[in-house]
Trainee: 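Handing you a structure now.
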Amino acid sequence: MAQKMYYPPEELVKNAAVSGMEHYKRLVAEAEKDYEGYWANHARTLLDWKKPFTQVLDESNAPFFRWFADGVLNASYNCLDRHVAAGLGDKVAIIFEADDGKVTKVTYRELLARVSQFANALKSLGVKKGDRVLIYLPMGIEGVVAMQACARIGATHSVVFGGFSALALRDRIQDTGATVVVTSDGQFRGGKALPLKAIVEEAFVMGGCESVRHVIVNKRTGMDIEWHPERDLWWSDVIAGQSEVCEPEWVEAEHPLFLLYTSGSTGKPKGVQHSTGGYLTQVALTMKWTFDIKPTDVFWCTADIGWITGHSYVAYGPLAVGATQVVFEGVPTYPDASRFWRMIEAHKVSIFYTAPTAIRALIKASDATPEVHPRNFDLSSLRILGSVGEPINPAAWEWYYNEVGHGRCPIVDTWWQTETGAHMITPLPGATPLVPGSCTLPFPGIMAAVVDETGTELPWGHGGFLVIKKPWPSMIRTIWGDPERFKKSYFPEDFKGKLYLAGDGAIRDPETGYFTITGRIDDVLNVSGHRLGTMEIESALVAHELVAEAAVVGRPDDITGEAIVAFVVLKRPRPQGEEAKRLVKELQDWVAKEIGPIAKPKEIRFGENLPKTRSGKIMRRLLRQLAKGEEITQDTSTLENPAILEQLKG
Ligand code: PRX
């Protein structure tokens, strides 16, 4: 029973922001005793407020909670100006490494100037406080500049991951009603130039983008692009002649800093709305405590700005605390699978934060090609490692800990979500003893629990639903344009509307109370740390002219965590042999075009029908077993058409 625990090195404990478990427990007790006082204190000390707040948590319109609501501040001011004013102007804010290895460094002073200039450019195009700006950019300095510039003028940004399709982009433009789109001609990934502006064009052709007045295009690849002079503007032209000084727009703490779309259990992605004051408070605090960030650290979070991790721990968190960070354009396997280790060595990265999928892929690569193994590189600058986005299996954890961290760098396995804005359950590197595969204990001030279907807290050792019992500063405020869905999805009536339902299953260790996440409890898959709704993929499949019906499930995968398996019924006889192969490829490409390559089913199986109950409900639990290649051991007595199972076996 007793699991092996990994204790933080003494040197780290000594100097850590949260030093030892007693310290951690004191903080937890402090938050329990005076919850509002605890968070108010952090909001005051971590951020500069133009007008200090007097209210802390406003629960009057629960679950639409408000934090620090009468306070006024600006996120970009907090990320840039105040550091320059404090003498950090010459400190490097961003070390940008391009796909081809070219390195560009930007100081806080330069970043402030670039952000201000772009903010002025947006203003000159009529962008005002509260307007939505859609950002469809690759990883790079411009992405961070565009996000910070929006924050500076009070515009609400919505970043769309560069791997999403034209349709996904169109849907997000339409839902946000964005007036400006910021993109680039293309992007470099793994030595290849891929189009972005062309995808924006496709989105426009689909219709629904009428709100957009301008498309700002950064020249990245120099590839040929379509050009609409009445609408399109080069980035270099819009900033030309703009001042490098821009007074920030002071906004209320609850002002929406950004919308970020994420998959739910229905077909349509949800626009998760985040605030300014509460969001930045918790993002800054987690930088200090989860990553123990110090002025001399070099921080590197490998996430793309298209995801929440890239928002909280690339575009805002590191800058909010005045840190130096690496921003990387490329992929971990180009020019070879030692890219991460080379970059850690070259930039003396001390805190490295990545996803289990990347670790698993790099383990496989270094098993096959010893030259790319981390042992060939000097990784002595590392002091803390992080994991995010999906469960990390103990074998990958051990490898990360031993081969990358040489047994001296704690791994912070951070559990959180797009909706939570910042870390929620995570070890603190100078305090928490680690157990591989467990995200350990709640961040001080976060009230996490495991409950049954009635919302009653379960004893440790019993698996159930992961919930958060009290509102927290960086929480989702609403779903853009759909407050009812917000209530229903996250504060369901079954739990009397009082508990935040995370959508994950969890179990606490009977002795330590440590949390282990057991996976999603809804129809959401996690493929390479990316969240995808099964219904979203099913909708994409049935939109194909040949498809009559489709059901999508996940199955465990060694590298990507989960893999997508689709069961498809065609409007024509069940295909066989070469025809089936051709149709699999066609449907895979179709889904990539409808949603994006990350949503491509790994496997597609055709049947004349799907396993259904007499009332016509698809029996997904059987499909999950079939997808795993298991014998059907479950009760099939309610199944209308048992013969179909044979057909759907892999
Ligand atoms: O299932 C959990 C998983 O990722 C989901 C959230 O996905 P997303 O909103 O895209 O945000 C990912 C980055 C924060 C969660 O509901 N997840 C995230 N972190 C972990 C995790 N599962 C296990 N362990 C984690 N550390």
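Order of listing sets the numbers, starting from 1, for every ligand and every atom in it.
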Trainee: Which one of Leu428, Asp297, Val412, Val321 satisfies the side-chain contact (heavy atoms from CB on, under 4.5 Å) criterion with Phe291?
Mentor: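 Between Phe291 and the candidates, side-chain contact (heavy atoms from CB on, under 4.5 Å) is satisfied uniquely by Val412.
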Trainee: Which bit of Pro391 gets closer than 4.0 Å to ligand 1, counting heavy atoms only: side chain, backbone, both or neither?
Mentor: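 Under 4.0 Å from ligand 1, Pro391 contributes backbone and side-chain atoms.
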Trainee: Using a 4.0 Å heavy-atom cut-off, which part of His530 comes near ligand 1: side chain, backbone, both, or neither?
Mentor: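 The answer is neither; His530 stays 4.0 Å or more away.
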Trainee: Need the ligand 1 atom indices (1-based, order shown) with element for anything under 4.0 Å from a heavy-atom of Ile517.
Mentor: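 Those of ligand 1 that fall under 4.0 Å from Ile517 are 22 (N), 23 (C).
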Trainee: Going through the distances and angles, do Ser275 and Arg477 end up as a side chain to side chain donor-acceptor pair (under 3.5 Å)?
Mentor: CA-CA 7 Å; Ser275 71; Arg477 293 310 195 258; 3.2 Å; yes
Trainee: Are Trp472 and Tyr500 close enough that their ring centres sit under 6.0 Å apart?
Mentor: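 Distance test on ring centres: under 6.0 Å, yes.
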Trainee: Is there a nitrogen or oxygen of Thr414 sitting under 3.5 Å from a nitrogen or oxygen of ligand 1?
Mentor: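 Yes, Thr414 has an N/O under 3.5 Å of an N/O on ligand 1.
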Trainee: Quick one: look at Ile392 and ligand 1, take heavy-atom pairs under 4.0 Å, and tell me if it's side chain, backbone, both or neither.
Mentor: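 Under 4.0 Å from ligand 1, Ile392 contributes no heavy atoms.
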Trainee: Would you indicate whether the side-chain heavy atoms of Val524 and Leu532 approach each other to under 4.5 Å?
Mentor: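 They are not in side-chain contact.
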Trainee: With rounding to the nearest 0.5 angstrom, report the OG to CD1 distance, Ser350 to Ile293.
Mentor: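 Rounded to the nearest 0.5 Å, the OG-CD1 separation comes to 6.5 Å.
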Trainee: Would you mind telling me if ligand 1 is within reach of the side chain of Thr418, the backbone, both or neither, using heavy atoms under 4.0 Å?
Mentor: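 The answer is both, backbone and side chain.
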Trainee: Number the atoms of ligand 1 from 1 as they appear, then name those within less than 4.0 Å of a heavy atom of Arg531, with their elements.
Mentor: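 That gives atoms 6 (C), 7 (O), 8 (P), 9 (O), 10 (O) of ligand 1.
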Trainee: Within ligand 1, which atoms have a heavy atom of Val388 less than 4.0 Å away?
Mentor: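 Near Val388, meaning under 4.0 Å from one of its heavy atoms, ligand 1 has 13 (C), 14 (C).
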Trainee: Closest by any non-hydrogen atom to atom 19 (N) of ligand 1: pick that one out of Gly561, Ala502, Gly389.
Mentor: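 When every heavy atom of Gly561, Ala502, Gly389 is considered, Gly389 comes closest to atom 19 (N) of ligand 1.
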